[in-house]
Amino acid sequence: MEKKKWRTAVSWHFDKEAYVRGYKLKDMIDRLNFTQAIYLVLTGELPNERQQRMMDAILVTMIEHSIAPPSVIAARAVISGGNPLHVGVGAGVLAFGKVHGGALEDAMRFLQENVDNPPDQVVKTYLQQGKRIPGYGHRYYKEEDPRTEKLLSIAKEQGYFGKYCRFAVEIEKQIEKQKRKKLVLNVDGAVAAVASELGFDWKIGEGLWIIGRIPGLVAHTYEEYTMEKPFSKRLDEEKEVEYIGSPPRDLNK
Ligand SMILES: CC(C)(COP(=O)(O)OP(=O)(O)OC[C@H]1O[C@@H](n2cnc3c(N)ncnc32)[C@H](O)[C@@H]1OP(=O)(O)O)[C@@H](O)C(=O)NCCC(=O)NCCS
């Protein structure tokens, strides 16, 4: 048989009817909630009750945090420039990077690649090489990230506090011991541990983050769009900007 140009296992039409992962979309609308449908479309299978509860907790954890993260600033600034909602949301997504959002994927990779190694040695190597351990440290939370605490307690309740969660917590202890500074297991690290327990490959980590955070970005862009004047997200140059360039000079000299 001739090899076709594209392949997919995600969805298909049979007899003019849409099927997602083998289930009729029509039946999904009737029977599934959003978390179940997300789990199905990502993994190919329906979640059981515990998987659904855990997935729900992961998605809610990531939904929103504050107006301060780079993604929200980018999204609102772009709306402020006179762009439509989807451009603002797109700008927010583009602001995700190694330390904001992208840290989830790095943290999942870190846990999945190192979980069978001794935590003290792993931390020693990272610190010796001056590398940051993804999933640890936070701008505001210095003693504990409350989202982490909640998510891990749900993981315990649901029987998902397994080897990845234990390893993640042990790494936090080792960082404090070896660096003599507490760097909290942050929300990305906690979600990374639980998503790894659920069997998600680290390569889908950024996707999980995007799915979780998009509702927050839509709310911010809509708010900016409807509540603020265009061109309102400007700096007060006198108060907020330090000029470090050349003093005025004359091109004619
Ligand atoms: C989130 C982050 C940017 C906060 O940075 P910060 O506010 O500058 O961090 P702090 O002021 O608390 O700590 C600074 C010190 O800890 C170190 N440090 C911070 N996070 C570290 C990490 N994850 N691994 C190793 N060392 C780390 C810094 O190198 C610095 O060390 P020094 O004092 O010896 O120079 C930072 O912790 C980080 O890059 N973490 C990894 C990425 C991540 O998980 N991001 C998701 C955040 S929700």
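Just so you know, ligand 1 is whichever comes first in the structure, and atom 1 is the first atom listed for that ligand.
Across Asn186, Ile175, Asp188, heavy-atom proximity to atom 44 (O) of ligand 1 is greatest for Asn186. Distances from atom 32 (P) of ligand 1 to the heavy atoms of Lys181, Lys98, Lys179 put Lys179 nearest.
The shortest contact between atom 45 (N) of ligand 1 and any protein heavy atom is with Val99 O, 3.3 Å. In terms of protein heavy-atom proximity, atom 6 (P) of ligand 1 is closest to Arg139 NH2, 3.7 Å. Of all protein heavy atoms, the one closest to atom 38 (C) of ligand 1 is Arg132 NH1, 3.4 Å. Among protein heavy atoms, atom 24 (N) of ligand 1 sits closest to Ile133 N, 2.8 Å. For atom 21 (C) of ligand 1, the closest non-hydrogen atom of the protein is Leu183 CD1, 3.5 Å. Here the protein heavy atom with the shortest distance to atom 40 (N) of ligand 1 is Tyr136 O, 2.9 Å. If you check which protein heavy atom lies closest to atom 1 (C) of ligand 1, you get Gly137 O, 3.7 Å.
Between His100 and Phe96, the angle of the ring planes goes over 60°, which puts this pair in the perpendicular group of the 30/60° scheme.
Less than 4.0 angstrom separates atom 34 (O) of ligand 1 from at least one non-hydrogen atom of the protein.
Here's the thing with Arg147: none of its N/O atoms is less than 3.5 angstrom from an N/O atom of ligand 1. The shortest N/O to N/O separation between Leu127 and ligand 1 does not fall below 3.5 Å. For ligand 1, the polar-atom distance check finds no N/O of Pro134 at less than 3.5 Å from any of the ligand's N/O atoms. Residue Val187 places no N or O, backbone or side chain, under 3.5 Å from any N or O of ligand 1. For a threshold of 3.5 Å applied to N or O pairs, the pair formed by Lys142 and ligand 1 contains at least one separation below that value.
For the atom pair CD1 of Ile133 and CD1 of Ile175, the computed distance is 4.0 Å after rounding to the nearest 0.5 Å. A distance of 11.5 Å separates CZ of Arg180 from CD of Glu176, quoted to the nearest 0.5 Å. In this structure, OH on Tyr164 lies 8.5 Å from CG on Leu111, to the nearest 0.5 angstrom. With values rounded to the nearest 0.5 angstrom, Lys163 atom NZ is found 10.0 Å from Ser196 atom OG. Going from atom CZ of Arg109 over to atom CD of Gln112 covers 10.0 Å, rounded to the nearest 0.5 Å.
Between the side chains of Glu172 and Tyr136, no donor N or O sits under 3.5 Å from an acceptor N or O. No side-chain N or O of Gln52 forms a donor-acceptor pair with one of Thr35 less than 3.5 Å apart.
For ligand 1, the atoms closer than 4.0 angstrom to any heavy atom of Ala103 are 43 (C), 44 (O), 45 (N), 46 (C). Residue Gly135 has at least one heavy-atom neighbour below 4.0 Å for each of these atoms of ligand 1: 43 (C), 44 (O).
Trp209 has its side chain out of reach of Glu105: every pair of non-hydrogen atoms, C-beta onward, lies at least 4.5 Å apart.
Proximity of a side-chain donor or acceptor of Asp236 to a complementary backbone N or O of Lys239 within less than 3.5 Å is detected.
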**Asked** Yes or no on ring pair (Phe, Tyr, Trp, His ring centres under 6.0 Å) for His65 and Tyr141, after CA distance, side-chain angles and deciding distance?
**Response** CA-CA 12 Å; His65 193 233; Tyr141 302 127; 5.8 Å; yes

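Taking 4.0 Å as the cut-off, His100 does not count as a neighbour of ligand 1 on heavy-atom distance.
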